[in-house]
Protein chains: 2
Amino acid sequence: MVGIKDVASLAGVSVATVSRVLNQHPAVRAETRARVLTAVDRLAYRPNAVARSLRTHQTRTLGLVISDVLNPFFTELARSVEDEARALGYSVIIGNADEQPELQDHHVRTLLDRRIDGLLVSPTDGGSPLMLGAARTGTPMVFVDRWIPGVDVPVVRADGRDAIRDLVAHLHALGHRRLAIINGPAATTTGSERVEAFRDALHAYGLSLPAEYVGQGDFQADSGRKATGRFLDLPRPPDVVFAADNLMALGAMDEMYARGLRVPEDVALAAFDDIPWFVHTDPPITAIAQPTGELGRTAVRALIDVVEGRTAASVTLSARLVARRSCGERREQTS
Amino acid sequence: MVGIKDVASLAGVSVATVSRVLNQHPAVRAETRARVLTAVDRLAYRPNAVARSLRTHQTRTLGLVISDVLNPFFTELARSVEDEARALGYSVIIGNADEQPELQDHHVRTLLDRRIDGLLVSPTDGGSPLMLGAARTGTPMVFVDRWIPGVDVPVVRADGRDAIRDLVAHLHALGHRRLAIINGPAATTTGSERVEAFRDALHAYGLSLPAEYVGQGDFQADSGRKATGRFLDLPRPPDVVFAADNLMALGAMDEMYARGLRVPEDVALAAFDDIPWFVHTDPPITAIAQPTGELGRTAVRALIDVVEGRTAASVTLSARLVARRSCGERREQTS
DNA sequence: CGCTCGATTGGAATCGATTACACGCAGAAG
DNA sequence: CTTCTGCGTGTAATCGATTCCAATCGAGCG
């Protein structure tokens with residue numbers, strides 16, 4: 001591998017000078033700069049980022065730890081994060097926790113070992129000592145989508161309260177009265193929040209949310225399927241199942257079809273997180289759409305703010321209802 | 001940040017010794033090792049991977065450059081790659097080229113600058129000078145899924161020939177005679193190969209593939225939609241559209257429905273790359289399934305073989321047909 | 001004419017590890 | 001009682017950059 005020394009000797013200058021032209025330092029004579037530059041591309045020299053990072057204490061890299069890459073919501077989030085980071089001159093390393101706290105820790109640890117400049121996390125759980133420690137000891141950090149209460153870290157997320165109220169209104173208008181929800185893990189904020197918002201919205205319509213209508217899932221399709229099975233085994237099964245994420249909604253749909261039920265005639269279905277595929281399912285699924293791309297981009301900007309010494313505030317965007325056919329024929333279309 | 005020196009002085013030994021225990025070097029007295037270890041966790045010391053890499057010339061990191069993270073096929077590939085790499089003690093940095101050669105180059109360059117140990121690529125195009133150069137100058141490299149002909153780099157991929165023949169047989173048996181294909185970019189091997197295999201299979205059934213039945217797409221949904229539009233505008237439109245990837249199939253389906261056509265009664269649809277969602281679309285889509293996870297894992301093992309100085313051979317796995325309802329009912333069930 | 005000053009450039013320390021080599025010491029061998 | 005061996009450990013060089021500080025040089029100034 002050709003190093004800065006090779007460039008220096010080809011150009012007949014010192015390594016210090018080469019480094020200067022590489023870093024656009026102004027104090028270099030134009031003629032010298034030109035000589036260095038020709039040497040650089042004659043040798044196809046590329047600076048070693050590892051060495052540079054060691055010296056400068058910065059890697060211009062962000063870490064992103066998400067709970068499940070296979071979930072289209074997170075895939076899209078990851079993509080927007082990378083786009084924005086790249087636009088701002090950073091790279092990103094993605095760690096997929098697969099909803100497992102140990103894996104999440106593994107990635108946080110690896111990322112920290114690599115001395116990434118900042119960490120973007122959508123926590124799978126309530127926070128391991130490792131992650132809490134990193135936050136406390138000043139690793140630039142921002143939570144996105146999910147967060148950990150009580151930790152002093154900016155949060156970029158979407159609030160689904162209003163959209164959930166709209167959803168309940170929509171369901172109520174369609175005549176549904178027995179509404180059930182499949183919850184995410186209690187350790188995630190997105191899990192608990194969504195149930196609460198749902199319960200509140202139901203109350204506003206004089207409906208209640210009995211315990212047997214709250215299913216416990218883990219954000220994976222299979223758990224959605226099982227929870228739905230339990231609902232349908234109930235003496236009085238719900239007439240709508242609302243899944244707290246898209247994968248569980250798919251599982252729910254599987255179970256409904258496996259039992260020969262029709263959607264929405266026999267049971268209705270709605271999901272949190274809208275994804276392109278929901279348009280193509282049979283029937284198209286009513287969902288609450290988060291501004292995913294905006295979430296990712298905002299989170300990156302916030303993180304870079306703290307990385308570069310500015311301060312960042314939490315940001316809450318809002319989600320919106322996208323009514324389709326899985327809850328019955330719609331009366332009005334929400335745009 | 002606490003460094004190896006801090007550990008050394010707390011433990012009352014030299015940095016060399018600390019480094020030795022960290023790297024399981026045998027020549028350390030047990031008692032010394034214990035002292036170092038306590039110091040290590042009293043200080044919560046973690047070695048700086050950047051410094052270590054500089055010295056050892058290895059990062060234990062693999063780069064993965066894929067054409068489109070949002071395509072579920074690549075998402076799954078990326079996931080399996082990361083899983084296997086982690087199991088073997090490597091990290092992976094994913095670069096999303098978004099089917100754009102310049103972006104692909106950007107990622108290759110960044111990855112190379114970071115001195116990753118090896119590169120896994122699913123090329124978007126015929127190969128930029130940068131990538132070709134990297135291959136020639138000995139950067140450990142393996143192609144996965146797509147490859148670049150004429151470059152001496154192992155390839156791990158799935159061969160769809162047999163599955164495509166099965167597909168054509170299936171279509172023929174269902175009475176379809178006018179079959180069209182939406183191709184990927186000609187610059188990708190997966191693009192050109194699939195058309196060829198398709199044409200060959202047609203010939204075996206005495207059918208031909210007229211030029212107007214070969215649509216040009218770019219592996220994105222929208223191009224699938226447009227190509228389908230052109231097919232349907234033909235005086236004699238095809239009765240089956242076979243899309244060379246899942247996203248284009250989705251676009252094709254959109255166009256069919258937008259024109260009020262029924263699938264499969266009016267037009268049939270099949271896709272290359274099977275994804276979980278195809279089970280839930282209306283109708284479920286017949287597809288050719290690649291052993292995606294196996295592809296990723298095999299590619300990683302091959303790459304690590306070359307990274308660690310062994311040699312790696314190309315591997316070709318095989319794809320298989322998964323018949324569903326988008327091409328019509330099977331014969332066993334209908335008249 | 002000597003000196004100060006700004007513009008360029010080079011020398012060398014430094015970042016935080018790894019590791020070749022040397023050293024001290026204890027027991028074995030002669 | 002030497003000398004030899006090896007084990008355990010420390011010293012210092014090294015990886016490839018960045019950057020502080022000093023040196024050089026010509027020009028402008030008093």
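Basis for what follows: all heavy atoms, side chains included, without hydrogens, waters or symmetry-related copies. Sequence lines set the chain letters: A, B, ... in the order given, protein chains first and strands last, and positions in each chain run from 1.
- Taking atom CD of A/E31 as the reference point, atom P of C/dT9 lies 8 Å away to the nearest angstrom.
- For the pair A/Y45 and A/D6, the minimum side-chain heavy-atom distance is 4.5 Å or more.
- With a 4.5 Å cut-off on side-chain heavy atoms, B/V307 and B/L303 count as touching.
- Taking atom CG of A/D6 as the reference point, atom P of D/dG16 lies 9 Å away to the nearest angstrom.
- Whole-Å rounding puts the A/R33 CZ to C/dT9 C1' distance at 13 Å.
- The pair B/E294-B/R157 does not meet the salt-bridge criterion, since no charged nitrogen lies less than 4.0 angstrom from a carboxylate oxygen.
- Inter-residue side-chain proximity for A/M1 and B/H57 is flagged as unmet; no heavy-atom pair is nearer than 4.5 Å.
- Between B/F73 and B/T292 the shortest side-chain heavy-atom distance falls below 4.5 Å.
- If you check every strand for non-hydrogen atoms under 4.0 Å, B/H25 touches nothing.
- Residue B/V13 is in sugar-phosphate contact alone, with no base atom involved, counting any heavy-atom pair closer than 4.0 Å across all strands shown.
- By the 4.0 Å N-to-carboxylate-O rule, A/R79 lies close enough to B/D98 to be salt-bridged with it.
- C/dA17 atom P lies 15 Å from atom CZ of A/R114, rounded to whole Å.
- Following rounding to the nearest Å, B/D113 (CG) and D/dG16 (P) show an atom-to-atom distance of 14 Å.
- No donor-acceptor contact under 3.5 angstrom links the side chains of B/N48 and A/D113, judged on distance only.
- Counting to the nearest Å, the P atom of C/dC15 and the CG atom of A/L54 are 9 Å from each other.
- Here the nucleotide nearest the side chain of A/A27, chosen from D/dC15, C/dT9, D/dT11, is C/dT9.
- The CZ-C1' distance, from A/R29 to D/dT24, rounds to 13 Å in whole Å.
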Every protein N/O lying under 3.5 Å from an N/O of nucleotides 18-21 of chain D:
unit_1 : atom_1 : unit_2 : atom_2 : d
D/dT18 : OP1    : A/N23  : OD1    : 3.4
D/dT18 : OP1    : A/N23  : ND2    : 3.2
D/dT18 : OP1    : A/R52  : NH1    : 3.4
D/dT18 : OP2    : A/S19  : OG     : 2.5
D/dT18 : OP2    : A/N23  : ND2    : 3.3
D/dT18 : O2     : A/R55  : NH1    : 2.5
D/dC20 : N4     : A/R20  : NH2    : 3.4

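- No engagement by A/S53 is indicated, since no non-hydrogen atom pair under 4.0 Å with the nucleic acid exists.
- Straight-line distance from the NE2 atom of A/H57 to the P atom of C/dA17: 11 Å, rounded to whole Å.
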